Number of protein chains: 2
Amino acid sequence: MNQTKRKDAKASKPLSRIQEANRKAILDAALDVFATSGFRGATIDAIAARTGMSKPNLLYYFKSKQQIYQQVLEQTLEDWLAPFEAIDPEGDPVEELRRYITAKLEMSSKRPEASKLFANEILHGAPVVGSFLETTLKDLVTEKTKVIRHWVGEGKLAPIDPYHLIFMIWATTQHYADFDIQIRAVAGSQAGRPGFSEQAAQAVLTIILNGIKPR
Amino acid sequence: MNQTKRKDAKASKPLSRIQEANRKAILDAALDVFATSGFRGATIDAIAARTGMSKPNLLYYFKSKQQIYQQVLEQTLEDWLAPFEAIDPEGDPVEELRRYITAKLEMSSKRPEASKLFANEILHGAPVVGSFLETTLKDLVTEKTKVIRHWVGEGKLAPIDPYHLIFMIWATTQHYADFDIQIRAVAGSQAGRPGFSEQAAQAVLTIILNGIKPR
DNA sequence: GTCTATAAGAGGATAGAC
DNA sequence: GTCTATCCTCTTATAGAC
């Protein structure tokens with residue numbers, strides 16, 4: 001992840017504690033605003049208001065709206081991929097995938113804004129993360145497809161295409177964050193109940209894991 | 001779908017053939033632009049340019065950007081739900097679901113803009129279709145959950161929650177349209193090949209249908 | 001560091017000629 | 001019906017006082 005000039009340049013810019021706190025507050029607020037409004041829909045005013053700062057003061061910390069957006073995205077991507085990277089080729093296939101799906105569902109439930117931010121970026125043509133997708137992510141996915149293919153070869157999984165399995169997991173898990181409005185509208189009372197997330201996890205795991213068990 | 005004043009008011013506004021053609025051209029162009037740029041990101045200029053019209057001329061046909069957006073969405077929703085409504089309670093469960101999933105994947109492949117437009121609308125809080133989701137769609141989904149539950153009761157499907165099965169189908173099928181950029185970036189050469197859509201359909205059907213078969 | 005004021009520009013919408 | 005010109009609002013970004 002390209003983080004050319006953040007807190008590294010200690011020599012030229014020793015950021016104070018308040019400065020770091022302010023930057024973080026801005027990025028947190030920006031995540032929410034960008035997630036629900038998209039890049040164009042978001043305004044610096046809205047982000048500033050959410051942090052209690054004035055608009056020019058916010059631009060004292062980040063030189064442009066674009067820059068805030070990029071940094072929020074970068075920050076988010078790292079967390080986002082961690083559980084995917086953690087899939088262990090040596091582990092039990094079904095158990096590894098169960099762990100991965102569970103982790104992603106938990107992220108969708110606890111930080112839906114992160115998922116929405118990412119969805120927005122891709123939906124609009126991935127102007128910022130496009131090259132990241134074509135390099136880092138592509139390599140990572142290629143690696144994991146090999147792992148899955150190996151599992152299939154050993155007879156530990158049904159013969160499914162690794163790419164589509166991965167896409168399916170991404171789709172289902174992120175859907176609960178990205179389309180939460182629709183889910184709440186449609187499932188109504190059900191979606192409000194406390195155990196709903198767990199119920200979702202149960203259902204997704206049941207279907208996918210049953211679907212890929214060798215028979 | 002609320003279509004209070006479209007081509008119904010024949011008495012006050014008998015639209016000519018060219019008028020209808022122009023309106024349609026505008027709505028087609030608008031679908032593309034709104035889908036890739038979102039409501040805020042889209043400009044009347046961009047839509048006008050795509051139709052070869054001038055901005056004011058476009059506003060002769062529709063009185064505001066908002067109005068164009070609403071009509072594009074309404075128009076899209078009808079097509080979007082047709083295959084869902086068509087799920088037949090009397091049919092064979094697995095066969096009905098196979099037909100539905102296949103139809104949705106085909107729509108994602110042939111008209112990804114429609115899916116993206118809808119995704120955008122939901123992602124941003126469903127400002128226009130919110131009430132539609134809470135009424136018409138909710139009722140429709142409730143009806144279909146009963147059908148699925150009935151199938152489960154008869155032992156024709158594994159005991160899965162109907163809501164989550166429906167969400168899963170929506171998620172996976174629409175993912176191929178909404179995230180096509182990511183899919184192409186990650187799957188690279190694979191995604192370019194002619195049989196890719198069919199391969200995707202095969203994989204999705206295999207996993208979901210295996211996942212819900214009674215055992 | 002944080003504010004008020006304002007420049008600069010994009011984009012939605014209208015007026016009015018043709 | 002379609003165009004050119006224009007108005008006006010919203011938003012990004014900067015200048016400069018405190």
Side-chain angles (χ1 to χ4, degrees), chain A residues 5-7 9 12-73 120 124 127-128, chain B residues 5-7 9 12-73 120 124 127-128:
Chain A
K5 42 180 170 179
R6 226 179 307 176
K7 63 184 169 186
S12 63
K13 264 199 172 181
L15 300 185
S16 76
R17 208 144 298 143
I18 8 157
Q19 278 177 321
E20 271 303 340
N22 276 339
R23 288 178 69 91
K24 189 174 181 330
I26 292 168
L27 291 176
D28 284 350
L31 172 58
D32 286 357
V33 176
F34 282 130
T36 55
S37 306
F39 181 75
R40 295 291 291 269
T43 67
I44 297 184
D45 251 340
I47 301 172
R50 196 172 275 248
T51 64
M53 286 181 185
S54 71
K55 190 164 38 170
N57 194 20
L58 189 146
L59 286 167
Y60 167 79
Y61 287 96
F62 296 88
K63 75 166 189 292
S64 70
K65 179 181 170 181
Q66 177 79 27
Q67 198 192 54
I68 304 175
Y69 180 70
Q70 288 178 353
Q71 297 212 359
V72 172
L73 251 182
N120 235 305
H124 292 27
V128 172
Chain B
K5 42 182 169 178
R6 226 185 301 181
K7 62 183 171 187
S12 62
K13 263 199 174 182
L15 300 185
S16 77
R17 208 144 299 143
I18 7 154
Q19 277 177 321
E20 271 304 340
N22 276 339
R23 289 179 68 92
K24 188 173 181 330
I26 292 168
L27 291 176
D28 284 351
L31 172 58
D32 286 357
V33 175
F34 282 130
T36 54
S37 306
F39 180 75
R40 295 291 292 270
T43 67
I44 297 184
D45 252 340
I47 300 172
R50 196 172 276 247
T51 64
M53 286 180 185
S54 69
K55 187 163 45 168
N57 194 20
L58 189 148
L59 287 167
Y60 167 79
Y61 288 96
F62 296 89
K63 76 166 190 292
S64 71
K65 179 182 171 182
Q66 177 78 28
Q67 199 192 55
I68 303 175
Y69 180 70
Q70 288 178 352
Q71 297 212 358
V72 173
L73 251 183
N120 235 305
H124 292 23
V128 172

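Only this structure's heavy atoms are used, side chains among them; waters, hydrogens and symmetry mates stay out. Only a predicted model underlies this, so the values are computations on that prediction, with no experimental measurement involved. Chain naming here is simple, since letters A, B, ... match the order of the sequence lines and numbering starts at 1 in each.
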Among the nucleotides [options], which one has an atom lying closest to any side-chain atom of [X]?
| X | options | value |
| --- | --- | --- |
| Ser64(B) | dA13(C), dG1(C), dT2(D) | dA13(C) |
| Ser16(A) | dG1(C), dC3(C), dT4(D) | dG1(C) |
| Pro56(A) | dA5(D), dT11(D), dT14(D) | dT14(D) |

Should [X] be listed as having a side-chain N or O under 4.0 Å from OP1 or OP2 of [N]?
| X | N | result |
| --- | --- | --- |
| Ser54(A) | dT2(C) | no |
| Asn57(B) | dG1(D) | no |
| Arg40(B) | dT11(D) | yes |

Report the distance from atom [atom1] of [X] to atom [atom2] of [N], rounded to the nearest whole Å.
| X | N | atom1 | atom2 | result |
| --- | --- | --- | --- | --- |
| Gln67(B) | dA13(C) | CD | C1' | 13 Å |
| Gln66(B) | dA13(C) | CD | P | 9 Å |
| Leu58(B) | dT14(C) | CG | P | 13 Å |
| Phe39(B) | dC10(D) | CZ | C1' | 14 Å |
| Asp45(A) | dT11(D) | CG | C1' | 8 Å |
| Glu20(B) | dG1(D) | CD | P | 12 Å |
| Lys65(A) | dA10(C) | NZ | C1' | 12 Å |
| Ile44(B) | dC10(D) | CD1 | P | 15 Å |

Mind checking [X] for me? I need base, sugar-phosphate or nothing, with any heavy atom below 4.0 Å counting as a touch.
| X | answer |
| --- | --- |
| Leu59(A) | base |
| Ala42(A) | sugar-phosphate |
| Tyr61(A) | sugar-phosphate |

Measure the acute angle between the ring planes of Phe39(A) and Phe34(A), then classify it against the limits of 30° and 60° as parallel, tilted or perpendicular.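 Phe39(A) vs Phe34(A) ring planes: parallel.
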Do the side chain of Thr51(A) and the main chain of Ala48(A) share a donor and acceptor less than 3.5 angstrom apart?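 Such a contact is found between Thr51(A) side chain and Ala48(A) backbone.
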Is the backbone of Thr43(A) close enough, under 3.5 Å, to the side chain of Lys55(A) for a donor and an acceptor to pair up by distance?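 Side chain of Lys55(A) to backbone of Thr43(A), a donor-acceptor pair under 3.5 Å: no, none is there.
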Measuring from Ser37(B):OG to Asp32(B):CG, what's the distance to the nearest 0.5 Å?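 Separation between the atoms: 10.0 Å.
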Ile68(A) CD1 to Lys63(A) NZ distance, which is reported to the nearest 0.5 Å: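 Separation between the atoms: 11.0 Å.
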When you match Lys55(B) and Asn22(B) each to their closest nucleotide on DNA chain D, which lands nearer the 5' end?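 The residue whose closest nucleotide sits nearer the 5' end is Asn22(B).
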